[in-house]
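Structure, as structure tokens:
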Number of protein chains: 6
Amino acid sequence: DFEMAMINDIKPAFGVSSESVERYAMNGIVNWGQPVSDVLENGKLVLQQTQESNRTPLVSLLMEGPPGSGKTALAASLAAESGFPFVKVCSPEDMVGFLEGGKCNAIKKIFEDAYKSQLSCVVVDDIERLIDYVPIGPRFSNLVLQALLVLLKKNPPKGKKLMIIGTTSRRDVLEEMEMMTVFSTHIHVSNITKGEHIINVISELDSFSEDEKSTLAKKLSGKKLWIGIKKLLVLLEIVRQADMDVRIPKFLTLLEEEGGLQA
Amino acid sequence: DFEMAMINDIKPAFGVSSESVERYAMNGIVNWGQPVSDVLENGKLVLQQTQESNRTPLVSLLMEGPPGSGKTALAASLAAESGFPFVKVCSPEDMVGFLEGGKCNAIKKIFEDAYKSQLSCVVVDDIERLIDYVPIGPRFSNLVLQALLVLLKKNPPKGKKLMIIGTTSRRDVLEEMEMMTVFSTHIHVSNITKGEHIINVISELDSFSEDEKSTLAKKLSGKKLWIGIKKLLVLLEIVRQADMDVRIPKFLTLLEEEGGLQA
Amino acid sequence: DFEMAMINDIKPAFGVSSESVERYAMNGIVNWGQPVSDVLENGKLVLQQTQESNRTPLVSLLMEGPPGSGKTALAASLAAESGFPFVKVCSPEDMVGFLEGGKCNAIKKIFEDAYKSQLSCVVVDDIERLIDYVPIGPRFSNLVLQALLVLLKKNPPKGKKLMIIGTTSRRDVLEEMEMMTVFSTHIHVSNITKGEHIINVISELDSFSEDEKSTLAKKLSGKKLWIGIKKLLVLLEIVRQADMDVRIPKFLTLLEEEGGLQA
Amino acid sequence: DFEMAMINDIKPAFGVSSESVERYAMNGIVNWGQPVSDVLENGKLVLQQTQESNRTPLVSLLMEGPPGSGKTALAASLAAESGFPFVKVCSPEDMVGFLEGGKCNAIKKIFEDAYKSQLSCVVVDDIERLIDYVPIGPRFSNLVLQALLVLLKKNPPKGKKLMIIGTTSRRDVLEEMEMMTVFSTHIHVSNITKGEHIINVISELDSFSEDEKSTLAKKLSGKKLWIGIKKLLVLLEIVRQADMDVRIPKFLTLLEEEGGLQA
Amino acid sequence: DFEMAMINDIKPAFGVSSESVERYAMNGIVNWGQPVSDVLENGKLVLQQTQESNRTPLVSLLMEGPPGSGKTALAASLAAESGFPFVKVCSPEDMVGFLEGGKCNAIKKIFEDAYKSQLSCVVVDDIERLIDYVPIGPRFSNLVLQALLVLLKKNPPKGKKLMIIGTTSRRDVLEEMEMMTVFSTHIHVSNITKGEHIINVISELDSFSEDEKSTLAKKLSGKKLWIGIKKLLVLLEIVRQADMDVRIPKFLTLLEEEGGLQA
Amino acid sequence: DFEMAMINDIKPAFGVSSESVERYAMNGIVNWGQPVSDVLENGKLVLQQTQESNRTPLVSLLMEGPPGSGKTALAASLAAESGFPFVKVCSPEDMVGFLEGGKCNAIKKIFEDAYKSQLSCVVVDDIERLIDYVPIGPRFSNLVLQALLVLLKKNPPKGKKLMIIGTTSRRDVLEEMEMMTVFSTHIHVSNITKGEHIINVISELDSFSEDEKSTLAKKLSGKKLWIGIKKLLVLLEIVRQADMDVRIPKFLTLLEEEGGLQA
Ligand SMILES: Nc1ncnc2c1ncn2[C@@H]1O[C@H](COP(=O)(O)OP(=O)(O)OP(=O)(O)O)[C@@H](O)[C@H]1O
Ligand SMILES: Nc1ncnc2c1ncn2[C@@H]1O[C@H](COP(=O)(O)OP(=O)(O)OP(=O)(O)O)[C@@H](O)[C@H]1O
Ligand SMILES: Nc1ncnc2c1ncn2[C@@H]1O[C@H](COP(=O)(O)OP(=O)(O)OP(=O)(O)O)[C@@H](O)[C@H]1O
Ligand SMILES: Nc1ncnc2c1ncn2[C@@H]1O[C@H](COP(=O)(O)OP(=O)(O)OP(=O)(O)O)[C@@H](O)[C@H]1O
Ligand SMILES: Nc1ncnc2c1ncn2[C@@H]1O[C@H](COP(=O)(O)OP(=O)(O)OP(=O)(O)O)[C@@H](O)[C@H]1O
Ligand SMILES: Nc1ncnc2c1ncn2[C@@H]1O[C@H](COP(=O)(O)OP(=O)(O)OP(=O)(O)O)[C@@H](O)[C@H]1O
Ligand SMILES: [Mg+2]
Ligand SMILES: [Mg+2]
Ligand SMILES: [Mg+2]
Ligand SMILES: [Mg+2]
Ligand SMILES: [Mg+2]
Ligand SMILES: [Mg+2]
């Protein structure tokens with residue numbers, strides 16, 4: 001079911017508030033299948049290791065997956081969930097139009113704040129955007145990249161603990177940039193791939209009638225597709241505007257066009 | 001018929017006036033065929049979704065098509081038509097000679113203004129020009145590109161709604177730059193491809209006599225061609241300067257040279 | 001015959017004087033054959049369209065041809081001839097050593113001045129030089145290029161009319177830079193290609209005796225060559241310094257070396 | 001056994017303290033096999049030569065090996081161990097977000113300080129990061145690179161002696177940059193490659209019971225693998241969080257995934 | 001014979017003095033054969049055309065030839081010889097370490113000074129160095145290149161006349177940069193290619209005895225070689241330091257090594 | 001024998017002192033074979049030519065050879081030996097971290113100082129480092145390169161004389177940069193290639209006993225190898241720290257590893 005509970009659990013903390021997390025997980029986390037449970041469970045284990053080990057005061061976790069698969073929402077939810085006294089999302093959305101020097105300073109500032117708390121969690125969101133990556137060239141900010149490469153392996157001061165959660169849609173690029181070997185570990189965030197997953201999502205939302213749901217369940221059962229949760233939510237919203245009688249066929253058409261559903 | 005009505009409908013709004021829209025759709029929108037109706041209809045649906053959904057407070061629509069096919073005029077008309085309290089065209093025409101920093105600031109400013117209104121529509125016109133793209137190299141402003149990539153997926157503040165309409169002649173380039181996956185959806189604006197379309201345009205204008213129109217109708221009926229509405233209007237204007245008796249043959253010759261009409 | 005008349009016709013106008021045009025057409029326009037008449041006639045038609053149409057307040061014409069074929073002189077003459085209240089040549093000669101920012105500002109200033117007049121004509125001379133183009137690389141100022149790409153399709157303010165005449169020796173490069181589709185229309189300025197053309201030029205100048213002229217006419221009649229008017233005028237000047245009896249053979253030798261005349 | 005002794009031996013020195021070395025060798029130096037002994041022994045010989053020779057007042061040693069193999073910890077330990085009056089680690093961790101000019105100055109400052117002492121040891125850690133190297137391009141700071149190329153062969157002032165210890169994971173890159181010929185000598189730091197090495201590490205730590213150790217010894221004896229000490233310590237820490245009964249199998253699984261152990 | 005006379009002839013002139021020309025033709029102009037006479041004669045014809053024609057107030061001449069063939073000395077001598085009231089050498093030797101902006105200004109200043117005189121001659125020496133050309137890349141200052149491309153075809157003010165003499169060792173590079181078509185004309189400066197040329201040079205200098213001269217004449221008569229006058233003068237100077245009896249054989253050996261003389 | 005004498009001979013001079021030369025030839029010049037004598041002899045001839053000729057007031061000599069072959073020491077010794085009133089080493093060691101502008105100024109300053117003396121010798125050491133050359137790219141400072149290209153052929157003021165000695169390990173790169181044709185002449189500095197050369201070096205040093213020397217002489221006689229004097233001196237220093245009985249075998253092993261000696 002909708003893990004809104006998780007987000008509501010957040011204890012008041014320096015640098016984070018439930019409102020700011022809502023910004024990154026606007027539609028909550030729908031547990032549409034095993035892949036979602038796995039991500040949440042593995043993520044929590046790493047949070048736990050950070051909190052409990054004395055030998056590894058720095059742990060870094062990369063969440064990688066296709067565009068719109070829900071990486072940012074999952075990372076922000078884990079961070080909010082952690083209960084760590086310092087939680088912060090380092091997001092390109094707060095650095096629009098910054099030159100690389102300004103970006104570096106903004107990122108460095110977040111880490112310096114984190115180093116002051118006993119136990120901190122920093123989400124380094126959308127690494128391609130933070131480093132201004134574009135495949136043509138390719139071009140990117142080497143200044144920001146090098147700062148990240150160092151920050152990702154720099155221990156917090158003695159006695160402090162830090163967990164870093166990165167997100168990216170371009171694991172291959174990070175590999176080329178030798179950033180993969182710097183992360184302690186990584187988790188794959190996957191797209192929705194089965195009809196059953198869709199049915200799970202719909203059950204969580206209040207968009208369809210019981211009749212519509214059972215029709216859909218029949219049509220989608222056992223089917224393969226490939227769509228991110230972010231786009232799926234947009235499609236459902238479009239369909240909601242349509243007349244009652246064309247909602248199901250319209251949704252199936254959209255799923256075929258955008259989600260690779262075999263007609 | 002001439003959808004001048006549409007433009008005259010515009011309600012007074014902060015950031016837009018009927019005069020400023022006229023600047024981008026100087027000759028109105030001639031409904032020369034089904035493709036035009038489709039663009040207008042689909043565009044209105046997206047506007048509606050923005051206005052009505054609570055789950056998708058940010059919707060972005062890309063209008064892409066060949067040079068001179070009418071993208072800017074259509075986007076500006078839709079925006080003006082929307083009736084949203086904030087409507088603004090973000091155009092390279094207002095940034096001639098700006099360095100990339102200046103462009104970024106100008107673009108960011110428009111979005112910040114938009115975030116202040118409950119319901120806003122921003123046209124991001126001529127994306128290649130905004131990012132200073134040239135195929136030799138290729139070269140472009142990565143600073144502006146990255147700002148757009150972030151702004152296109154940054155949610156407006158809680159409770160606010162934003163629709164973004166982009167235009168481009170180089171869909172392929174946007175694909176390479178990974179901007180296509182960032183737009184919620186896209187519409188193709190097509191060139192005029194049939195003789196019938198031309199006849200529809202001419203019927204809307206007062207340039208030809210009834211006799212000329214019927215001669216043309218016979219000559220063009222069932223013919224294939226490929227020409228943008230912008231160039232077609234120029235050709236008609238050239239022909240208008242000519243002597244009465246050579247107007248039709250001169251027009252046909254020009255259509256062959258510039259519009260691929262088979263003689 | 002020598003169209004000096006044309007240049008002397010110029011009405012006093014803001015931003016241009018007969019002296020400043022003389023600078024660009026130092027040796028007047030010799031009408032050496034049909035290609036010259038065609039350029040002048042077509043150019044005048046476009047000027048007329050600008051002046052008379054209300055639907056196309058912006059018309060842009062590209063004059064393209066080999067180095068030294070007379071593009072600048074022809075463009076400046078047309079502009080001076082136009083009788084428009086505002087006429088200005090935007091020339092790299094006034095921007096020697098300018099950085100790209102300075103060039104942009106200078107160009108933008110000329111257009112802003114033009115927008116203030118009811119009816120304006122701006123010559124954008126030697127586009128390769130304005131954009132600092134060099135084939136090695138290739139390198140060029142993208143800042144200036146982008147400014148031109150926008151200015152070439154930006155409408156003048158409501159009620160104003162603007163004609164832009166561009167010149168270039170590298171049509172291929174402008175094509176690659178996607179500038180060709182931005183011009184409303186273009187005219188080819190050609191080199192001199194026939195013996196008859198040369199004889200026409202000589203008849204206009206006072207450099208040779210009647211005897212010499214008829215000898216030359218016999219030698220050149222029906223011959224093919226390829227030489228720009230600019231270089232031809234230099235050769236004639238060299239020959240003029242020579243002794244009477246060697247003038248004709250010296251001229252023929254030079255034409256073979258520099259103008260591809262078959263011996 | 002754990003050579004913590006070594007680190008505790010450090011005599012008070014200008015520019016270094018046992019605490020600052022702990023920062024770079026947070027988990028001490030576990031002597032897991034012959035490769036470790038060799039590195040320590042050879043390193044000490046070079047330190048000795050620096051101290052005793054009059055003909056070679058500058059000696060530079062490069063420690064190169066795969067990511068996480070323990071280069072930084074070994075270099076820092078050798079430096080701390082040296083007993084030289086001036087010991088300093090020149091680390092990218094102190095230069096996050098510095099522009100190349102700032103980096104150069106910071107590096108130059110450390111060398112200038114070193115030149116003031118009779119006998120100095122400077123660790124130039126993580127050369128790829130100091131020069132902002134990234135394989136895409138490749139890109140790097142040539143300013144910092146050139147400064148290093150000169151500092152690595154510049155003699156200290158008359159009568160002073162200097163030992164430089166560099167570390168790198170990209171020996172091949174340094175070769176391409178002609179930095180290899182500048183170092184006086186180099187030592188390879190290797191990953192753990194045998195089951196026996198693992199057993200040695202575990203014996204040094206207090207993480208496993210005697211039973212577990214002997215089970216592991218049997219499973220790993222004679223096996224081949226390839227893992228850096230840094231990652232191995234993380235895996236052991238993960239396993240420590242697990243329930244008693246799954247610790248051994250979980251550890252073996254992780255070794256297979258991350259350390260190339262054949263199942 | 002030594003055309004020192006030519007240099008001594010120079011009339012006092014604004015911007016030039018016999019001393020400053022000596023700097024560029026330190027060892028005068030030895031007339032070692034027909035190629036030298038040809039260069040001087042053709043050069044003088046172009047000077048004359050500049051002075052006498054009214055249709056071509058701007059003439060530009062390029063002197064191109066291998067490194068050390070005497071281009072600078074010949075250009076400076078022609079300029080000094082011209083008797084024009086304004087004569088100036090624009091040389092990279094006066095711009096060591098200038099950034100491209102500084103170079104542009106220095107060059108522009110020389111032309112602006114020249115435009116003030118009725119009749120001016122500007123030597124643009126060593127164009128590759130003026131534009132900071134290096135074949136690796138290739139790299140060069142596009143700012144300086146573009147300034148030259150414009151200055152080379154910009155007419156002096158009405159009633160003024162200007163001759164420009166350029167020098168280069170890389171005609172091929174100027175071709176690629178489209179600078180060749182901008183020069184009105186060009187002259188090739190050749191290396192010494194025959195034994196007879198050498199004998200002529202030696203006869204002009206006082207370095208050898210009559211006996212030595214006749215021995216050399218026999219040895220070199222009819223031989224082919226390839227050496228610039230600049231290097232030849234150095235070789236003769238080296239030989240002069242040697243003992244009387246080894247001078248001739250030493251000279252022949254050096255000519256074989258450096259000048260391609262077949263033994 | 002050790003040519004320490006040479007260095008001690010230096011007459012007091014403006015801009016140089018025996019101490020500053022010692023810095024560049026810290027271990028003197030061991031005359032290990034004919035190649036060393038040849039370099040010294042040829043170098044002295046060029047110094048002499050500079051001093052005595054009036055036609056060639058500027059002579060430039062390039063010393064090129066593999067890394068560590070002794071180029072800097074030889075160039076500095078020749079300069080110190082010259083007895084010229086102005087002697088200066090222009091070394092990258094004095095420009096660590098300088099930007100290219102700073103480097104240019106520093107180099108230009110040295111030449112301007114040199115031009116003030118009647119007779120000057122400037123060593124331009126390690127040209128690759130002065131121009132910040134790195135083979136990846138390749139990258140280098142074109143500003144410094146162009147300054148050197150001009151300074152290397154710019155005559156000193158009338159009546160003054162200047163000798164320039166350059167050093168480089170990358171003759172091929174200088175060739176590509178067209179710097180080779182600018183030097184008046186060049187000398188190759190070679191590595192040690194024969195067993196006999198090694199024996200000569202050892203005889204000059206006091207590191208080995210007579211017994212050891214004769215053993216080595218037998219082992220090395222007639223052997224081929226390839227090692228620079230700089231590295232050889234380091235190896236001998238390492239061996240000196242070893243126990244008496246292992247010194248010879250250890251030295252032979254090191255020579256095999258580092259100097260290509262066939263076992
Ligand atoms: N199980 C889920 N996992 C992730 N997000 C979910 C889930 N269920 C619902 N959502 C919602 O889906 C949206 C996911 O968007 P999000 O921005 O996190 O995707 P993303 O992968 O970061 O996209 P991008 O690649 O553009 O950065 C959010 O609005 C989130 O609230
Ligand atoms: N059906 C139509 N669609 C679009 N434009 C139309 C239509 N009918 C008439 N027009 C007129 O055609 C012109 C279209 O030009 P517009 O600048 O919009 O084209 P564009 O595709 O944006 O060109 P560019 O590729 O150069 O940016 C406008 O003057 C507009 O008023
Ligand atoms: N029919 C003609 N057309 C053009 N120019 C002519 C003609 N007759 C004479 N001229 C003279 O020839 C010269 C042409 O030079 P112009 O600078 O216009 O050539 P261009 O093609 O612009 O050269 P470039 O390619 O170098 O810019 C001018 O001096 C002009 O007065
Ligand atoms: N024998 C050993 N050699 C090196 N480090 C050891 C050894 N035993 C334990 N360690 C510990 O292992 C860790 C090695 O990490 P270190 O940062 O030195 O690796 P690195 O090779 O420099 O990594 P990177 O390639 O990321 O720079 C340190 O915490 C150190 O205390
Ligand atoms: N016939 C001659 N032509 C040119 N130079 C001569 C001649 N006779 C003697 N010289 C002397 O030869 C030298 C030629 O050097 P110059 O610098 O002019 O050559 P350059 O071709 O410009 O060399 P670079 O390619 O290096 O610029 C001068 O010292 C000049 O006085
Ligand atoms: N015959 C010799 N020639 C040169 N150097 C010698 C000789 N004999 C002893 N030496 C000593 O050998 C060392 C040579 O080092 P030097 O820095 O001159 O080499 P290099 O070729 O300039 O090196 P690099 O390529 O790193 O610049 C100096 O310490 C010098 O005193
Ligand atoms: Mg995201
Ligand atoms: Mg448009
Ligand atoms: Mg022109
Ligand atoms: Mg390290
Ligand atoms: Mg020269
Ligand atoms: Mg050296």
Side-chain angles (χ1 to χ4, degrees), chain B residues 19-20 22-28 30 66-69 72-73 91-100 102-103 125-126 128-141 144 169-170 173 205-207 228-242 250 254 257-258, chain C residues 42 44-60 100-109 111-112 131 133 135 137-158 172-186:
Chain B
E19 197 208 334
S20 91
E22 252 181 73
R23 184 178 153 204
Y24 298 106
M26 161 158 294
N27 291 302
V30 179
S69 55
T72 301
S91 163
E93 295 192 358
D94 302 322
M95 307 178 196
V96 174
F98 281 30
L99 298 181
E100 51 178 7
K103 279 198 168 178
D125 191 35
D126 222 345
E128 301 91 287
R129 286 295 79 70
L130 283 175
I131 62 172
D132 290 329
Y133 179 81
V134 60
I136 303 182
R139 289 167 64 178
F140 56 90
S141 163
V144 177
S169 304
R170 294 297 305 266
V173 170
L205 305 176
D206 52 356
S207 314
I229 181 73
K230 200 169 173 181
K231 176 141 272 173
L232 179 64
L233 292 176
V234 172
L235 299 192
L236 288 169
E237 216 53 24
I238 291 176
V239 170
R240 223 168 56 137
Q241 321 278 333
K250 174 137 205 166
L254 285 170
E257 280 167 11
E258 303 264 5
Chain C
N42 285 324
K44 280 171 205 165
L45 281 175
V46 181
L47 281 170
Q48 205 176 321
Q49 180 189 358
T50 308
Q51 195 156 9
E52 283 168 33
S53 162
N54 282 317
R55 288 233 176 82
T56 53
L58 172 70
V59 180
S60 55
E100 51 178 6
K103 279 197 168 179
C104 257
N105 287 341
I107 294 169
K108 204 177 157 183
K109 176 73 171 52
F111 277 85
E112 277 164 2
I131 62 172
Y133 179 81
R139 289 167 65 178
F140 56 90
S141 163
N142 196 25
L143 193 71
V144 177
L145 172 63
Q146 297 293 335
L148 289 179
L149 285 171
V150 173
L151 289 171
L152 280 167
K153 70 178 191 182
K154 178 174 176 169
N155 281 324
K158 205 175 170 171
D172 57 327
V173 170
L174 267 54
E175 202 109 43
E176 270 190 276
M177 288 172 169
E178 303 187 337
M179 201 187 262
M180 289 309 290
T181 65
V182 180
F183 277 98
S184 313
T185 179
H186 49 92

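Values below: every heavy atom of this structure, side chains too, minus hydrogens, waters and symmetry copies. Chain letters run A, B, ... following the sequence lines, proteins first and then strands; every chain starts at 1.
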### Task
Please report the C-alpha distance between B:Ile238 and C:Gln48 in whole Å, then the side-chain angles of each, then the deciding distance to 0.1 Å, and finally whether the side-chain contact (heavy atoms from CB on, under 4.5 Å) criterion is met.
CA-CA 10 Å; B:Ile238 291 176; C:Gln48 205 176 321; over 6 Å; no
### Query
Does the pair B:Met26 and C:Asn155 meet the rule for a side-chain contact (heavy atoms from CB on, under 4.5 Å), with working shown?
CA-CA 9 Å; B:Met26 161 158 294; C:Asn155 281 324; 3.7 Å; yes
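Here the shortest heavy-atom pairing between B:Gly97 and C:Ala147 reads N-CB, 4.3 Å.
Inter-residue side-chain proximity for C:Asn142 and B:Phe140 is flagged as unmet; no heavy-atom pair is nearer than 4.5 Å. Side-chain contact between B:Ile136 and C:Glu178: absent, with no pair of heavy atoms (C-beta onward) separated by less than 4.5 Å. Looking only at side-chain heavy atoms (C-beta outward), C:Gln146 and B:Val134 come within less than 4.5 Å of each other. The side-chain heavy atoms of B:Leu205 and C:Arg55, taken from C-beta on, include a pair separated by under 4.5 Å. Residues B:Pro135 and C:Met177 are not in side-chain contact: their nearest non-hydrogen atoms beyond the backbone lie 4.5 Å or more apart.
Counting heavy-atom pairs closer than 4.5 Å to chain B, the top-ranked of the candidates C:Thr181, C:Leu149, C:Val182, C:Val46 is C:Leu149. When the candidates C:Val150, C:Leu45, C:Ile107, C:Val144 are compared by the number of heavy-atom contacts under 4.5 Å with chain B, C:Val150 comes out ahead.
Below 4.5 Å, heavy atoms of chain C meet heavy atoms from B:Lys230, B:Lys231, B:Val234, all part of residues 228-235 of chain B.
At a 4.5 Å heavy-atom cutoff, C:Pro157 makes no contact with chain B through either its backbone or its side chain. Using a 4.5 Å cut-off between heavy atoms, C:Asn105 does not touch chain B at all. At a 4.5 Å heavy-atom cutoff, C:Lys103 makes no contact with chain B through either its backbone or its side chain. With a 4.5 angstrom heavy-atom cutoff, B:Glu237 touches chain C via backbone and side-chain atoms both. With a threshold of 4.5 angstrom between heavy atoms, B:Thr72 does not approach chain C through any atom at all.
A distance of 6.5 Å separates OG1 of C:Thr185 from CD of B:Glu258, quoted to the nearest 0.5 Å.
With salt bridges taken as basic N to acidic carboxylate O contacts below 4.0 Å, none links B:Arg240 and C:Glu52. A salt bridge does not link B:Asp94 with C:Lys154: every distance from a Lys NZ or Arg NE/NH1/NH2 to an Asp or Glu carboxylate oxygen is 4.0 Å or more.
Qualifying side chain to side chain donor-acceptor pair (under 3.5 Å) partners for C:Asn42, counting only residues two or more places apart in sequence or in other chains: none.
Atom NZ of B:Lys250 sits in a sparse spot, with 12 or fewer heavy atoms from other residues, nucleotides or ligands closer than 6.0 Å.
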